[in-house]
Structures are given as C-alpha cells and as structure tokens.
Undergrad: 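Please see the structure below; I have some questions.
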Amino acid sequence: MPKPLHTLIIGAGFAGIDAAVKLRAEGIDNFIIAEKTGGISGTWHDNTYPGATCDVPSHLYSFSYAPNPNWSRRFAPSAEIEKYAQDVVEQYDLKKHIRAHTKITSARFDTKSALWHINTKAEDSFQARFLVVSVAILGTPQFPNIKGIDSFKGSAFHSARWNHDANLKGKRVAIIGSAASAVQITPPVSNMADKLYVLQRTPNYVIPRGDRAYTNLEKFLFNRLPFYVKVPRILIYLYLDLMFIRGFKQGSFFNKYMTSLARKFRKKQIKDDTLRAKLTPDYPMGCKRVLLSDNYYTALQKNNVELVTDAIEHITPKGILMASGREIQTDILVFATGFNATDFMPGLNLTGIHGATLKEWRKTSYAHKGLTIENMPNAFFMLGPNTYLGHSSMILMIEAQNKYMLQLMGQIGEGQYASPKPKAVKDYNNWLHGQFSNTIWATSCASWYKREDGSIPTIWPFPTYKYTKMMKRSDTDEFDFNH
C-alpha cells in the first residue's frame, strides 16, 4: 500500500490550484489534484461557447500573488483565463501533482487510521489525511424540464458543453434561455446563423459592461512597471466591494442608481417600444443575477434575430412548439439554462463520522464559514454554501478560504482529526441567514440563488473584506479534535 497522501484535492479549477500553491508554500509536497477532465481551470475549461467571457474585470480575476500583465482586455475571454491558470500551474510547478481524467466518486473517513479512503470512477483508490473538495458551484449543467427534450433530431447541447463540431454558419439556431450565458452567446452567434431565435422566459436587468481592449501603452506599462498592474486591481476591488455591493440592499441609493442605469441603457439601445417592453423586468434589480453586456440588445435587433417570449409547449423532432401553437423549426438547439447551483457537489458520495453522509447533508447544506461540515473531519469544501458572490471576484474568497484551511491543517496533529462543533455550525448559520432579510435576494422573485423553500444557500451577503477578515485566523475552539 502506497504511503498515504497528505492531501487529495478534487478539481483543478482556481480553488484547487490555489490550495496547491499554498500547500507547497508550507513545504507540503505529498498531495495530488484529481481532475475529472483533461484540462485545468475548471469553469473556463468547460465553458468554451462563442463569446464566453468573465463578468469580473481581468485584473481582479487573478491571484494576488500572480498578477497578469498580459490581459488583452478589461474583461478577459475564457481562453485567456484558461491560459492564465495554465501559466500559474507552470510557474508553481504543479503539473506533477495533477492526475487528469481522474473522477472521484466516493470517499469514506476511517477513524482508526484518521484517513480518507477515496475511490475513483476507474476503480483506483487513494488514502489521504486531508480532503479538499474544489468542485465548482456552477459546474453541473441544468437542463430544462420540457416535454420531448430528447426527441429533437438536430444538434442539441448545453452551453457549458458546447459542440464545436456543430457548424452554425447559415443554420437556424434556437437558444433556450436569456440569462448570463445567453447574453454572451447571442451576439457572436447572430453573426453566424441564418436565423437565430432567443427564447426568453423572464427578462433580465442588463447594464453596460464597458469592455475594451487594452492599448499598447497600457500593456507596455503593465509589463515594465510591476506596481502599475496593481492600480486597476485596487480600483476595481474598491468599487465593487464598497459600492456595487450596496446595490443588493433593498431601497438603497445604489440599488436605485443601478435600476436607473439599466432603464436608461434599455431606452438608449432599444428603439422599438414593443421589444423594449418584452425586455423590461418586473422584479427588483439584483434579486436575479445582474447581467453585463455592451452588445446583447444590439444583436437582438438584427434582421435575422427574433426574441420569443411565448411559453414553450414541447420540443419536437424539428424544433420547438410554442403554447400559442406556433412551431419554430431549427437545425441547432442550445440550452443556455444555467447550472444546478443549490445541490452542492452532485455525483460525489462522502461518508464522514457518526453516519454522516453528503447526501443527507444536502438537505440543509449548512457549513461552518462556508468551508467545513459537521461530522466530515479533515475535509474542506472550497466555495461551499454562502460563499458565492454577486458582485466581485470569487478568487478573493478562494484565497481567504485556503489561508484559513492551511492554518487549521497545521493545528491537526498526525493521527488526529477535527470537524466543526454542531453549536458552531448552528450559531454561524443562524447569524448568517439572519442577515438576508434586508437584501434584495430575500424578495419574492425566483432565482438560482434560492431553493424552492425560499432559503438562500449560495450568496455571501456582505463585501468580500468581511469574509477575508473572518477567515484570517482559524479558531480551534470551534472544532472537536479527536485521536
């Protein structure tokens, strides 16, 4: 039997990469990153659809210790972000730790050995003192519950599993969905398709992205003056964390400002009153994800593009039958229908102590500080419940979590294991969920932030600096330690 690993990291996305960097900084080299695909960067390896771009400005969507002077634009496209992740892996010599095409399916904690016994889809097995679950919250594509979805005879695929063999040029294309992915997909596809239908169930708030390419002078300064690359990062951080977050409080000045900004943007971009009415939300700004785009509205007004707001009756072999009786015939069907964000880590079967399982835990999804789970000892769940952001860079949350994690790992001795005390988990979640009452997410509109019972297990309702401050030091009094 091989020597047990110090740590097994599930997933080579940004959270897994940062965990690996921090392990090596502590002199820990006995770990692997199990990645189910053949690539790295997680979300950015999966999402390769036309127009895929980050909604956070490039200079903030990077690790604090690895600034990137080579971003081409204010908002980097997915291929650049994936390349950045690859460069970080190369820079910190992490390739040797990555096991590609290794899908972890289950793990069980053994109290006698104080080890996680971990199994893969290929029936390989590992043992590790610590388990780091770095599975993207927006990693499991969600398909709509529409009758006849399997009957379509053309090419059909989810936006996060884009079929690059499907030639869109001169074809009839239908996009089901009109939120974040669809807003990015629509403009480039409108330039390829002979006819494009965008099927919208609910209109969204769209504000201008303000994207542009960096000038040659800016690129020169970013590369030659190391401090200069920090300037946009600091300014973006301060704006998003101190101002934009205020837009998610009910009745706040900034929420009213953002609502006004979206309204003026619609009026300026859309000249047709009927189309503008179809694109006007009837719910408070921010309770669904706020979308950024400079060219979505322009694309919808092209002669070959049609916004369809009728309800879908069912999918047919040739296209989509609407409730009105109209049948839209199409060659290619794209499901831009988002992800299963509230069913954490689907497909992963974990068994902790005292009979605890991940399946049972998902019913409440309460974690301690969004990172550790009761009766799941020596396990860390990156970007767990209530750590997702609606306003800023997830990398800020990732770095705060990994700093806390490494501290706690150092406090757990060989042959020892620790998990958060039930009271600590309860007190933290009672406090946290009590903070949502005056936020826009607590209003009546449905969104992927919420579960059907109205609970909100996804969003962090404060600026990121509050999370960073909370995670600055691990408190051993909040954990049960066992031998």
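Worth knowing before you read on, the calculation uses all heavy atoms, side chains too, and leaves out hydrogens, waters and symmetry mates.
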Undergrad: For Tyr297, does its backbone N or O pair with a side-chain atom of Gln269 as donor and acceptor, under 3.5 Å?
TA: no

Undergrad: Using only atom types and a distance under 3.5 Å, with no angle test, would you say the side chain of Gln329 pairs donor to acceptor with the backbone of Arg172?
TA: no

Undergrad: So, using salt bridge (charged side-chain N to carboxylate O under 4.0 Å, His left out) as the criterion, who are the partners of Arg326 when residues are at least two apart?
TA: Glu306

Undergrad: Check the surroundings of atom CZ in Phe143: do more than 12 heavy atoms from other residues, nucleotides or ligands lie under 6.0 Å from it?
TA: yes

Undergrad: Would you confirm whether Asp211, through its side chain, and Asp294, through its main-chain N or O, come within 3.5 Å as a donor-acceptor pair?
TA: no

Undergrad: Are Phe157 and Trp162 an aromatic pair by the rule of ring centers under 6.0 Å?
TA: yes

Undergrad: Who are the salt bridge (charged side-chain N to carboxylate O under 4.0 Å, His left out) partners of Lys288, not counting sequence neighbours?
TA: none

Undergrad: Tell me the closest heavy-atom pair linking Phe109 and Pro377, and the distance in Å.
TA: CD2-CG, 3.5 Å

Undergrad: Are Thr53 and Arg209 close enough that a side-chain donor and a side-chain acceptor fall under 3.5 Å?
TA: no

Undergrad: How would you list all residue pairs meeting salt bridge (charged side-chain N to carboxylate O under 4.0 Å, His left out) that involve residues 268-286, not counting sequence neighbours?
TA: Asp273-Arg276

Undergrad: Can you confirm whether Lys195 is buried at NZ, in the sense that more than 12 heavy atoms of other residues, nucleotides or ligands lie under 6.0 Å from that atom?
TA: yes

Undergrad: Trp71 and Tyr84: aromatic ring centres closer than 6.0 Å?
TA: yes

Undergrad: Judged by modelled atom types alone, do Asp241 and Thr464 share a side-chain donor-acceptor pair under 3.5 Å?
TA: yes

Undergrad: So, His368 versus Tyr404, ring centres under 6.0 angstrom or not?
TA: no

Undergrad: Hey, could you give me the CG/NE2 distance between Leu242 and His391, rounded to the nearest 0.5 Å?
TA: 9.0 Å

Undergrad: Main chain of Ser178, side chain of Asn204: is a donor-acceptor contact present, judged purely on distance under 3.5 Å?
TA: yes

Undergrad: What pairs meet the salt bridge (charged side-chain N to carboxylate O under 4.0 Å, His left out) rule with one or both residues in residues 436-445, with sequence neighbours excluded?
TA: none

Undergrad: Within the structure provided, determine whether Ser392 and Phe244 are in side-chain contact (heavy-atom separation under 4.5 Å).
TA: no

Undergrad: Taking the six-membered ring where the residue is Trp, are the ring centres of His158 and Phe339 under 6.0 Å apart?
TA: yes

Undergrad: Minimum heavy-atom separation for Val425 to Asn429, with atom names?
TA: O-ND2, 2.8 Å

Undergrad: Do any N or O atoms from the side chain of Trp361 and from the backbone of Thr364 form a donor-acceptor pair under 3.5 angstrom?
TA: no

Undergrad: Side chains of Ser41 and Gln86: is there a donor and an acceptor less than 3.5 Å apart?
TA: no

Undergrad: Verify, without hydrogens or angle tests, whether Ser159 (side chain) and Ser181 (backbone) share a donor-acceptor contact under 3.5 angstrom.
TA: no

Undergrad: Decide if the gap between the ring center of Trp431 and the ring center of Phe462 is smaller than 6.0 angstrom.
TA: yes

Undergrad: Could you tell me how the ring of Tyr449 sits relative to the ring of Trp441: parallel (under 30°), tilted (30 to 60°) or perpendicular (over 60°)?
TA: perpendicular

Undergrad: So Val290 and Met285, do their side chains get closer than 4.5 Å, heavy atoms only?
TA: yes

Undergrad: Would you say that more than 12 heavy atoms from the other residues, nucleotides or ligands in this model lie under 6.0 Å from the CZ of Arg362, or not?
TA: yes

Undergrad: Tell me if the aromatic rings of Phe31 and Phe130 count as close, with their centers under 6.0 Å from one another.
TA: no

Undergrad: I want to know whether Tyr465 and Tyr237 have ring centres closer than 6.0 Å.
TA: no

Undergrad: Indicate whether the side chain of Trp44 and that of Tyr61 have a donor and an acceptor atom separated by less than 3.5 Å.
TA: yes

Undergrad: Let me know which of Tyr283, Tyr296, Phe248, Phe265 forms a ring-ring contact (aromatic ring centres under 6.0 Å, His included) with Tyr205.
TA: Tyr283

Undergrad: Show every salt bridge (charged side-chain N to carboxylate O under 4.0 Å, His left out) that has at least one partner inside residues 244-257, sequence neighbours left out.
TA: none

Undergrad: For the residue pair Val334 and Val189, establish whether any side-chain heavy-atom pair is separated by less than 4.5 Å.
TA: no

Undergrad: Tell me every residue that passes salt bridge (charged side-chain N to carboxylate O under 4.0 Å, His left out) with Lys121, counting only those two or more places apart in sequence or in another chain.
TA: none

Undergrad: Any donor and acceptor pair, going by atom type alone, linking the side chain of Thr120 with main-chain N or O of Lys103 inside 3.5 Å?
TA: no

Undergrad: Using atom types as modelled and distance alone, determine if a side-chain donor or acceptor of Gln250 lies under 3.5 Å from a backbone N or O of Thr439.
TA: yes

Undergrad: Can you establish whether the number of heavy atoms outside Asn303 located under 6.0 Å from its atom CG is more than 12?
TA: no

Undergrad: Verify whether one side chain among Asn119 and Ser106 offers a donor that lies under 3.5 Å from an acceptor in the other.
TA: yes

